[in-house]
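Here's the structure, in structure tokens; my notes come after.
Since the model is a prediction, treat every value here as computed from it, not as a measurement. Below, each value reflects all heavy atoms present in this structure, side chains not excepted, and no hydrogens, waters or symmetry copies. Order of the sequence lines fixes the chain letters, A, B, ..., with proteins taken first and strands second; residue numbering starts at 1 for each chain.
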Amino acid sequence: MTTNNQEPNRIAEVVETTTTGFTAQCYELYGAPALGSLVRVGDPAVYAVVHNVTTAALDLGRRVMARGASEATEEAVYHNNPQISRLLATHIEALVVGHDVGDATKYRLPSSPPRIHGFVYCCDANEIAAFTDGLDYLHLLTSASTPAIDEVIAANLRLAAESHSDPDAFRIRAGKALAAELASDIARLNAILRGIS
Amino acid sequence: MSTNGNQSDPGKLMGGTPLGTVVGGSLSEGVEVKLNDDASVEDIPVGSYVVIQGETKRFFGMVNEVKLAATDARLRTTPANLTDPFVAEVLSGTAAYGTITVRPRLLLPMIAGSDVELAPARTVPAHFARASKASDADVAQVFGVEDDRHFAVGTPLDMEAVVCLDLKAFVERSNGVFGKSGTGKSFLTRLLLIGVLQSRLSSLLIFDMHDEYGWAGSDAERGRQVKGLKQLFPAQVAVFALDAEKSMGRPVKPDVMVEIGYGDIEPEDIMVLRETLNISEVAAESSYSLERHFGKGKWLKAFLELEGRDAIFELANDININTSALASFHSRLTNRFARLPFLVEKPSQDSVQALMDQLDKGNHVVLEFGRYGDDVPAYMLVANLLTRRIYARYRDRQMTESVENGKSTTPLSIVIEEAHRFLSPAVASQSTFGIIAREMRKYNVTLLVVDQRPSGIDPEVMSQIATKVCCLLDDDRDVDAVMTGTSGSRELRSVLAGLESRQQALIFGNAVPIPVAVRIRDYGTTDSYDSLMRTASRRSAGKKTATSIEDTPSPSDRSEPAEPQAAAGRKDDEDELFG
């Protein structure tokens, strides 16, 4: 695997895809974006939020063994066993939260999922600010059944806030949008709000 | 990329501050409006006006309930961490929000300002209709602008627009000013009287218990004197007085000193005083027997002149009345009436005729009671007696004139304070005031009752009171009495309860299109007089001026420094005036 120098934001490639989400293998071991990051894939773009990151053996039949009993540091383990980076891979799982239709962004599922081998890009600050200008995508996130989704939502909004010129105003706007989504579950709303503030 | 911001934009089309959207409700209970995030319940007092833009109609209504609600009931039991300002701000208006209930009352034209008759609202706006605070233009459209027929009484609470009374509707029927003691009833009544006086739609006869309306009144709150009607409209107001001693100490003397002859007092006048004087029914009814025995016009004097128990016992036997009842009746009347200086055997003039002369000229009469205002039986006796005789004249005249040429006389509004004493269920059937209140405008005589205990007024009379101007009332029974028969009384109660204790009133009934809580306009400052007089001069321009009371010589002329020549004999003046 090689790093793509021409496109620094290109971080992974789709290896498994469904209508609601996809799994992509990162080009670099441990090269996953932060939890809750907004990524895009394909053209026209499909947007997704990273909700899970896994690093494991590429060959599911070969279990990873402990190798550092005689090594002084963790770095030394990798240094002295260069094959490790070839045998392991980092995967990200992302939930689809919207897609482009012409010049507009729709906060709903695309009619067909991203293709296998689709390149996955990390969205830059401008893309994040533009996408999160609308907050209807929060409905797709809050209704997802993946584990610890509330943490993912909080992480996503924390990251998004940094891309906006007035992070506090964005946080409040997003909080109110969440409050509308979670009107009947005040405990869950509180938990997410704690994660944003 | 699309956005979901600026959701409140459509509301701005209506002019007033956007408040929220209709989410439910009914015509009878009012529609529920969920407030926008940026609209705080703290800024929307009960009683304020709201315009709701429906799909095809604009509704004008009044806020009658403000509520706090939460999307999740658990918010009550496990409040969020509100010490974090971020959480508090997010939750306010979303998970925890405010709602108001608006009772649609009128339909406004879709285009603000267009001259269309306002219709009562018979339906409600659809779901999600946008509600906004009524703009000044909306309020002006509902309550009119000050003109010949409309008198500005004040402004709605928290608004700058003017609320006008429809004076024509106001003088057509009996009205009431209610409020507990110290809430500014006299202050308010004085303003209403100025409005009626300026409009020339009705003559006024004011039984001024505490000398508030004639020459000068008091502004207890600011501790100053304010001008009475006579000072503002000297040519149209005649001051009659009962208390010679007090009136003579003033710079300007009353126009007429009122004296009542014993012969003028009829058994009916005594019946009205039965409760106030604590006389038994048997004793009070003996006055009819006394009248038969001694003769009409002579009975009271003859009865009061009786001395000694034997004479009374003898009389009791003669007219077949219980002796002790008659004896106690005698002592009550003697105690009360023998020491009233205005009660005389032979009055020097006919006060009723003098009153009628003034009213016929289109003038207004204030009868000042001076010190006798605190003597409730004296006040009731004089008010009832004069009213009975004036009412009889109006009735006779109305009957003759309407038969002769269909012309009606100038309407008369009689102002009484402590009205519950004249209009209690036990007395209302007998007192002239009760008759006037019930028969209403048939004979062109109506009442303006001023009272602090409306619960003491006969419900039948209360039901005839067309426009009610209500200051703060504490007692539930009083509130019940005022609200009886009013649609939407439940909501009006909360508005009434929310009034400040001074200078605020709830007005509902004939003279206003919808109930309105008003901050009463200022009175007592130079500016306030100027503003009132400007209206007066605007109104009188182009109108035929009523005959000034100075057109005929009167006793007051003598006291005007500008007219020293009027110092001629007072008796002559009176003879000329009263014939």
Problem - Within 6.0 angstrom of Gln83(A) CD, more than 12 heavy atoms from elsewhere - result: yes

Exercise for the section: Compare every heavy atom of Ala179(A) with every heavy atom of Ala95(B), then report the nearest pair and how far apart it is. Expected result: N-CB, 4.3 Å

Exercise for the section: Step through the shown structure and confirm whether more than 12 heavy atoms of other residues, nucleotides or ligands are within 6.0 Å of CD on Glu16(A). Expected result: no

Fill in the blank from the handout: Here the pair of heavy atoms bringing Glu89(B) nearest to Lys176(A) is O-NZ, 2.8 Å

Practice task
Considering only NZ, NE, NH1 and NH2 on the basic side and carboxylate oxygens on the acidic side, decide whether Asp185(A) and Arg74(B) come within less than 4.0 Å.
Solution key: yes

Handout entry: Residue pair Leu193(A), Asp84(B): steps toward the side chain to side chain contact (heavy atoms under 4.5 Å, CB included) verdict
Key = CA-CA 10 Å; Leu193(A) 291 182; Asp84(B) 183 342; over 6 Å; no

Handout entry: Other residues, nucleotides, ligands: >12 heavy atoms within 6.0 Å of Glu151(A) CD
Key = no

Exercise for the section: Could you tell me which non-hydrogen atom of Ile196(A) sits nearest to which non-hydrogen atom of Phe86(B), and how far apart they are? Expected result: CG2-CZ, 4.0 Å

Fill in the blank from the handout: Residue pairs passing the side chain to side chain donor-acceptor pair (under 3.5 Å) test with at least one member in residues 155-172 of chain A, sequence neighbours excluded, are Thr132(A)-His164(A), Tyr137(A)-Asn156(A), Asp168(A)-Arg171(A)

Practice task
With the side chain counted from C-beta on, respond yes when Thr71(B) and Leu182(A) share a heavy-atom pair under 4.5 Å apart, and no when they do not.
Solution key: no

Problem - Close side-chain approach of Leu178(A) to Thr94(B), heavy-atom, < 4.5 Å - result: no

Exercise for the section: Verify whether one side chain among Ser184(A) and Asp72(B) offers a donor that lies under 3.5 Å from an acceptor in the other. Expected result: no

Problem - Over 12 foreign heavy atoms within 6.0 Å of CZ, Arg115(A) - result: no

